[in-house]
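What you see is a predicted model; the values in this text were computed from it and never measured. Here is how names work: the chains are called A, B, and so on, in the same order as the sequence lines, proteins then strands, and each is numbered from 1.
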Amino acid sequence: MKRLVLLLSAIAIGGSGLAAPQPADELRFCLHGDPKTFDPFRAEDENSDTVRYLTTGVLIRLDRVTELLVPELATSWKVDMQGRRITFQLRRGVVYSDGAPFGSADVAYSLTRLFDPQLHSPIAEAFNNSTPPQIKVASPEAISITFGVPVAGLERLFDQVPIVSRDTDKRPSATLGPFSIAAYKPGIDVLLERNPKYFKLDRNGRRLPYVGRIRLIIQSSRDMEVLRYTRGELDLVNSLDPDIFEELSRRGSWPVLDAGPSLESEMMWFNQSPKAAMPAYKRAWFASQAFRQAVSESIRREDICRVVYKGHATPAAGVVSPANRFWRNTALKPRAHNVAAARARLEREGFQLRAGALYDRTGHPVEFSLITNAGNQSRARIAAMIQQDLQALGVRVNVTTLDFPSLIERITRNLNYEACLLGLTNVDLDPNAQMNVWISSAANHQWNPNQTSPATQWEAEIDRLMRAQAAELRPEERKRLFDRVQQIVWEQEPFIYLVHKNSLMAFGPQIQNRAPSVLQPHTFWNIEFLQKNSVLRGSR
Amino acid sequence: MKIRPASAAVVLAVITLALGAELIIGKSYAEQHRDEAGARPSRQHPLGTDDLGRDRLARLAHASSVSLVLALAASTGALVLAGLVGGFAGYLGGATDAVMSKAVDLMNSLPWLLLLLTARALLPLNAGPAETLMITYGLLAVLGWASPARVVRAGVMTLCNADFVLRARAQGCPEGRILVRHVLPGLKPVFVAQFWTSIPVFILAEANLGLLGLSAGEPFPTWGSLLRELQNPLLFRPEAFAPLAAVSLALLCFKIVLPMESAHL
């Protein structure tokens, strides 16, 4: 009987959602896997990148709310030589977490390491320079970096560049960031400790950051992440599914936030690679601008926003989301749903509708497979909606979900697929970050990757425009060039953009100084200012 | 004791109902009523609608028919393979038995889920959802013969050493006749028991694949794909438990029916 009572008590406690109390100055949130590296220069995956963001200092930081650059370890900077050189004036009196002084020699060391060709740093690739820059230390507080060719938006790229000690081999734990790595238990968590000598002070002169520790809990399941959040075990959730967001909003006990359209977009595309093994008549459909436009016109984007994302998404007109205020071509509108226009367009191309099925001019019924990754409920629903929408056009779509590695294998290596539905995340506002997508020779030029020369005239024009904007320093001219790229993509639809998802996130009820952003990291980009309740852990 | 016939009746009723469900319910499992997405149970939709506005009851009925019928088919397929491998191994013995037993051990030690994922990834993409599902169950059958084969082998070996077989052989009865007239009939209880035991295994295997989103493609429902709605407890709705109840009931019935069938033979 006693055992039964104990069991019932345990069930009651578990069912009530009570969790072990958290330390008041410890912030907890999830990584969705183990970090692949703690080397900040090699951080590529999201988990490693989160640790890099929290544990390293940078010269310049992008304010994720105002989208302006703000001084960090550099107090000022100047770009000259037509975008080839940047000169930094460094902050005085900054020390590492172990008390050693910071100076321009550390910046020189960090940049030399970053641009080491042997390292293959993903951060260095964004600078789009084939040769390492010349680094000149003018004084302990001044340094200039000169690149071989102009780099558009040069200063913004330094938001990602970690600055480490020149003695990092001897003092691996020394950091200039707000936190340092204290412990790592593979598969369990990464513990970060506050840097007591962090250079930033709040307006009252208190040393930041406010919280004493961050526990990054390794939790691959997003469902479990949300459950733990509702049990009070987590303080931040960086990304929520619309269903969960709605449910938490309805219950009203948790502060969830919709920060508006994110930089993420959902899209589908047809495989146009000549290397793909598929019948010639299908290759002809996919290469046809009219066919792609007709498919695009037949998809009800508003329904996707309303049904799949519960209104937390915006129909997409192109790659640039409304969140990217400067670079978006506002003249472009999402393609309106119009099956009659789509049919007319296809008829002009020789397609015929017979007994509810569409046939091409050679008599082949129009049918294609659409692959997407398994386990993503929203994407599976979008695929089902596209399937039904295209039925109205007489097109049969076979939806196939594949595990992610198999999907990547198909779309990047063997190119054995017909159409794909996937999402794209832009981590940067600047179009230079999209060079690896739009240039026809790029591996991520997904509809026809790794071209030796542009397969079409419009791809050649995109190549020219993207290279021109990358070499142009006047923002207005760059904008004009990139607007034209967006226009071509809207007309040709190599990617059929569907929706831009909103940034949905959650903060613990006791978290203060929240500044949600549509840019990553959505919830903790201002980590040094986040605090729990009235705990002011900072010191003078 | 009345529970066993009742269970058998339930299994039969579920299969019959499921097969005729679409006619009885009169709704399509695929048609999306987007303005009624996520609707609660009503007279029009007794189990409500799913996230795309599809009738849950129609989907559940269709999934039940598909999962049950294909599990029966996969079980039959697996048993044919098991009979061939286990039968030859047990009857011929010697080197054949050694090789086939190793093959059975190898199959049993393979991570079937990974194998299934790999095989699934190699399927032609343009196969329709029904074909995909049939191929998936075919793969389950191909991967699921090993355990029954071991039992069949043991049964054949026992029968081959039975007095009546030894007497038949001593009296000069041809081997083919011994096999057909004496050994195979004696294996019937083994086959029947293995058949009933395999069905729940295949149902659960499909449910696992469905949970991973790797069962039949849209818009085809299966029990596994319907169970995905229960992945996040925050989104639980009473009506979403219907597929779980259906799977549980089916498994329970098979579990209860099995000893009865074995006992009758």
Minimum heavy-atom separation for B:Ala82 and B:Trp145, please, with both atom names. CB-O, 3.5 Å
Sorted by number, residues from residues 365-376 of chain A in contact with chain B (heavy atoms, under 4.5 Å): A:Glu367, A:Phe368, A:Ser369, A:Ile371, A:Ala374, A:Gly375
Any idea which of A:Gln391, A:Arg251, A:Glu409, A:Arg300 has the most non-hydrogen atom pairs under 4.5 angstrom with chain B? A:Arg251
Among A:Phe495, A:Phe291, A:Trp285, which residue satisfies the ring-ring contact (aromatic ring centres under 6.0 Å, His included) criterion with A:Phe270? A:Phe291
Check each atom of B:Asp50 against the heavy atoms of chain A and say whether the ones under 4.5 Å are side chain, backbone, both or neither. neither
Between B:Leu106 and B:Ser109 the two heavy atoms that sit nearest each other are O-OG, 2.8 Å
Okay, A:Ala383 and chain B: the region with an atom under 4.5 Å from a heavy atom over there is neither
Looking only at A:Leu248, A:Val397, A:Val399, most heavy-atom pairs under 4.5 Å shared with chain B are made by A:Val399
For the interface with chain B, which of A:Arg410, A:Arg396, A:Gln377 has the highest count of heavy-atom pairs at distances below 4.5 Å? A:Arg410
Considering only heavy atoms, which portion of A:Thr400 lies under 4.5 Å from any heavy atom of chain B: side chain, backbone, both, or neither? side chain
So, taking the atom named OG in A:Ser239 and the one named CE in A:Met505, what distance separates them when rounded to the nearest 0.5 Å? 8.5 Å
Under 4.5 Å from any heavy atom of chain B - which part of A:Glu246: neither
Contact origin within A:Asp403 toward chain B - heavy atom pairs under 4.5 Å: both
Measure the CH2-CD distance between A:Trp254 and A:Glu247 for me, rounded to the nearest 0.5 Å. 8.5 Å
Looking just at side-chain N and O atoms, do A:Thr523 and A:Asn238 make a donor-acceptor pair shorter than 3.5 Å? yes
Rounded to the nearest 0.5 angstrom, the OG-CZ distance for B:Ser75 and B:Phe254 is 9.0 Å
Heavy-atom cut-off 4.5 Å, strictly under: side chain, backbone, both or neither for B:Arg228 against chain A? both
Fit a plane to each ring of B:Tyr29 and B:Phe220, take the angle between them on a 0 to 90° scale, and name the class: parallel (under 30°), tilted (30 to 60°) or perpendicular (over 60°). perpendicular
Out of the candidates B:Arg40, B:Arg56, B:Glu36, B:Glu239, only one should pair with B:His45 under the side chain to side chain donor-acceptor pair (under 3.5 Å) rule; please name it. B:Glu36
Output for pair (A:Lys310 NZ, A:Phe245 CZ), nearest 0.5 Å, gives 13.0 Å
Check whether A:Leu407 gets within reach of chain B through its side chain, its backbone, both or neither, counting any heavy atom under 4.5 Å. neither
Heavy-atom cut-off 4.5 Å, strictly under: side chain, backbone, both or neither for A:Asn414 against chain B? neither
Gap separating the OH atom of A:Tyr309 from the CG atom of A:Asp303, nearest 0.5 angstrom: 13.5 Å
To the nearest 0.5 angstrom, please state how far the CD1 atom of B:Ile203 sits from the CG atom of B:Leu70. 10.5 Å
Please report the closest heavy-atom contact between B:Met100 and B:Val85, naming both atoms and the distance. SD-O, 3.4 Å
Sort by residue number and list every member of residues 221-228 of chain A having a non-hydrogen atom under 4.5 Å from chain B. A:Asp223, A:Val226, A:Leu227
Toward chain A, the part of B:Leu125 with a non-hydrogen atom under 4.5 Å: both
How close do A:Arg379 and A:Gly423 get, counting heavy atoms only, and between which atoms? NH2-N, 3.4 Å
For a quick test of reading the model, state the closest non-hydrogen atom pair linking A:Phe286 to A:Arg292 and the distance between them. O-NH1, 2.9 Å
